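Read the structure below first, then the notes.
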Protein chains: 2
Amino acid sequence: MYKILDEDSIKGYIDSTSEIRSLLLDKDESIENLEAKEIGDGNLNFVYIIKSKKRSLVLKQAVPFLRCVGVEYPLSRIRMTFEIEALKIEKEICPSFVPEIYYSSHDMSLVVMQNLDKHKILREEMINREVFPLLSQHISTFLADTLFYTSDFYLNSTKKKENVKKFTNIELCKITEDFIFTHPYEENETNEYNPKLDMNIVNRFRKDRDIKVAVAKMKYKFMTEAQALLHGDLHTGSIMLNKKETYVIDPEFAFYGPIGFDIGIYLANLTMSYFSLEFIEIKYKEYIKCMIIDTWELFANKFKANMINHEKRQKSLQWNYKGSLEHYEYFADEFIKKLFDDSIGFLACEMFRRTVGLAKVADIVKIKDLKRRAIVEKNMLECASKLITSKYKDIDEVIKEIEKYDNQ
Amino acid sequence: MYKILDEDSIKGYIDSTSEIRSLLLDKDESIENLEAKEIGDGNLNFVYIIKSKKRSLVLKQAVPFLRCVGVEYPLSRIRMTFEIEALKIEKEICPSFVPEIYYSSHDMSLVVMQNLDKHKILREEMINREVFPLLSQHISTFLADTLFYTSDFYLNSTKKKENVKKFTNIELCKITEDFIFTHPYEENETNEYNPKLDMNIVNRFRKDRDIKVAVAKMKYKFMTEAQALLHGDLHTGSIMLNKKETYVIDPEFAFYGPIGFDIGIYLANLTMSYFSLEFIEIKYKEYIKCMIIDTWELFANKFKANMINHEKRQKSLQWNYKGSLEHYEYFADEFIKKLFDDSIGFLACEMFRRTVGLAKVADIVKIKDLKRRAIVEKNMLECASKLITSKYKDIDEVIKEIEKYDNQ
């Protein structure tokens, strides 16, 4: 049943799949009116833009190997099943932040969805110093709502456990466990370094007890805490947007994990964009710091409001006495305090691995002067080392810490 | 395929099931030589002793309802599948503490196993003030080994996640969530009270912010932290023993949960036995305090040794440098410190629910003087309230705390 499509065979596939055909073509219209172009630059999948006279769509197909390496690195295409199922849940919770899904096929490991042609990738936009006044509002809502409405705070015990089971995403979790939580902290052949980066710094943190233990704890958390359905890969390359709209894409890493992971990964990518800036770019630096503060603060307020409002609506017996709502609010505050610590821990892990692991971020890699890049990377490593071994009262304290390490 | 057996039909079933028949009877021997007697006094299942001339066995069958209530309380018999699968894993890890399994059938929801006729239930033995010099050694090994060898510290990421999925034990987890973590903390119709217990104390703790929040955190931990395959119901009624041997039975509540839950439930049942004693029973009180201390200390040492030895054997790349073993040891210590806090938290929850929830423990219920029992119960509630809202350095501090509340 499954076959790998290409720019040629895709038209025949669409012709024979009436659900997709009818989206693009009139009944008697010829498939010759279709244009198909592969535009995927990701590591995992093939992405086609399909154009007809009346509209354009995106068709994304998973192949049973790691695209960026080739057929010799097998990776089960079941990841598309996780992406499809996660997209559906996210779409239901946050319709305005998730692309329209028109068709999906587990057999073909593909999904047909809205072509976001009026939107660009956030990472590239930040490299171009673009400003998005609604982004932090949007992302904090996406985080607070997807993470609340898939958690035990909202779902009943049965539904939540069925979800956990369904999203047992073994292979993609393993990639995260290896490439975020393990290889960057050892002399692994998959790691890649800026040749100008002082390896003494790298080797020092790889033998630092407090860093090792803190990272081991974050990895354990990632592997054991099934709190909510995570996006699982929420870096700034997984967000497409313009000044008005924000879309979160590519949830193939979705699984039930610790809520702080999604938040931390996103904040880390903002932080790395901050570190990539030159000394004089004060205004954009201020903007990114505001993004970090706003994202956290808005998320925390919205998540708490979700908790409180749900409790008010359901009036459970155990929180139903004079003063109980204040008590529940205290519980919410304590819970969010823990999410904050988790988020900063995961933030640090992401910053480590993007510096000394396999996958880099364009914000840093596009710094052509390798010596300057090495200074930036040294700052990031030292900042991450400090963040993961410290406790902070609030996001403002974290920002102050980040500023301290921004000395090029 | 499935049918409910009784003392009559069970012989025909055995006759037609050659794997069981051959265990009990010679080839041409008549089933008239079999004796079958139902001895189950549990809440959930039917348990038969089957005797032939050459041996005796236990046959345990789950019925699709809650036995202690009747057919009007349906409870899926899939719980027997969890029990069978958990028994197999526990048996492999701890052969000497788990009964021999001779035959099991998921279709019939039954298991045929060793008849522990030289062993008695620990709870009853403690009520009779019996002493078991090897028990703490045995139970601490059972805990340290079953909980280590099913965790992420030992299993690879894939196997562990497959286990988590397989042991998605929705119905029995829901029973724990309701009857341990919810109903005792609200005015629920299922709760039962000693009529002499002062309800002011009960109502006070049900409206105490710090207790409510602490319990909510423990419940959340139970619902989200998939650390290891738990027994899930490790009270002193789930242990059969004599002076030389110890067996852990009835793991139908098995699921992937927080390690501290199994430890806490067991320690709580020791603690309640302690509280049930009269003022003058100093010697048995000392014995129980030793059991609590030994169980924790031995568990902690054995679990840590499991971690260290495994790390030494596998020599993973990330813990492979001069001094790395000390670092890993520090990680183990930090992890076990968290397990300790969790265990005491769960201990307190079990003590609450056995006092003001539906299910009671015989140690307390057999106190005939309801006024004295009410004093014991008041002490347990106040002790649990203190334990769950405090942090302790070590088990000795916890023992000192428990002693403070033992004033009849």
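Lettering of chains follows the sequences in order, A, B, ..., and the numbering in each one begins at 1. Predicted model, so just to flag it, every value in this text is computed and none were measured.
The shortest heavy-atom contact between Tyr193(B) and Val356(B) is CE2-O, 3.7 Å.
For chain A, the nearby parts of Gln318(B) are the backbone and the side chain; heavy atoms of each come within less than 4.5 Å. Contact annotation for Thr158(B): both backbone and side-chain heavy atoms come within less than 4.5 Å of a heavy atom of chain A. Proximity to chain A (any heavy atom under 4.5 Å) is restricted, for Phe335(B), to the side chain, taken from C-beta onward. Residue Tyr220(A) touches chain B through its side chain alone, counting heavy-atom pairs closer than 4.5 Å. Only the backbone of Asp208(B) comes within contact range of chain A, with heavy atoms under 4.5 Å apart. For Glu187(B), the part sitting under 4.5 Å from any heavy atom of chain A is the backbone (N, CA, C, O) and nothing else. Heavy atoms closer than 4.5 Å to chain A are found in the side chain of Phe153(B), but not in its backbone. No part of Lys322(B) comes within reach of chain A, as not one of its non-hydrogen atoms sits under 4.5 angstrom from that chain.
Between the side chain of Glu171(B) and the backbone N or O of Ser76(B), at least one donor-acceptor pair lies under 3.5 Å. Of the possible donor and acceptor atoms, one in the side chain of Tyr256(A) sits under 3.5 Å from a partner among the backbone N and O of Thr150(A).
The existence of a salt bridge linking Lys304(B) and Asp333(B) is confirmed by a sub-4.0 Å separation between a basic side-chain nitrogen and an acidic carboxylate oxygen.
Among residues 173-180 of chain A, the residues having any heavy atom closer than 4.5 Å to a heavy atom of chain B are, in sequence order, Cys173(A), Lys174(A), Glu177(A).
Applying the 6.0 Å contact sphere to CG of Leu358(B) captures more than 12 heavy atoms from other residues, nucleotides or ligands.
Of all the listed residues (Val213(A), Leu317(A), Ile170(A)), the one sharing the greatest number of non-hydrogen pairs under 4.5 Å with chain B is Leu317(A). Ranked by non-hydrogen atom pairs under 4.5 Å with chain A, the options Lys207(B), Glu334(B), Lys217(B), Glu225(B) are led by Lys207(B). When each of Arg209(B), Glu186(B), Lys338(B) is checked for heavy-atom pairs under 4.5 Å with chain A, Arg209(B) comes out on top. Between chain B and the residues Lys219(A), Met223(A), Glu326(A), the most heavy-atom pairs under 4.5 angstrom are made by Met223(A). The residue among Lys212(A), Lys166(A), His183(A) with the most heavy atom pairs within less than 4.5 Å of chain B is Lys212(A).
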- Task: Might you work through the side-chain contact (heavy atoms from CB on, under 4.5 Å) test for Leu44(B) and Glu252(B), ending with a clear yes or no?
- Result: CA-CA 10 Å; Leu44(B) 273 62; Glu252(B) 57 216 319; 3.7 Å; yes
- Message: Apply side-chain contact (heavy atoms from CB on, under 4.5 Å) to residues Phe148(B) and Asn309(B) and explain how you reach the verdict.
- Response: CA-CA 12 Å; Phe148(B) 176 79; Asn309(B) 293 333; over 6 Å; no
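Using the six-membered ring where Trp is involved, Phe346(A) and Phe181(A) have ring planes that are perpendicular, over 60° apart on the 30 and 60° scheme.
Rounding to the nearest 0.5 Å gives a distance of 5.0 Å between CZ of Phe303(B) and OG of Ser151(B).
Relative to the ring axis of Tyr321(B), Arg206(A) does not place its NZ or CZ within 45° and under 6.0 Å from the centre.
Annotation: Phe255(B) is not in aromatic contact with Phe82(B) [ring centroid separation under 6.0 Å not met].
Residues Val202(A) and Leu381(A) are in side-chain contact: their nearest non-hydrogen atoms beyond the backbone lie under 4.5 Å apart.
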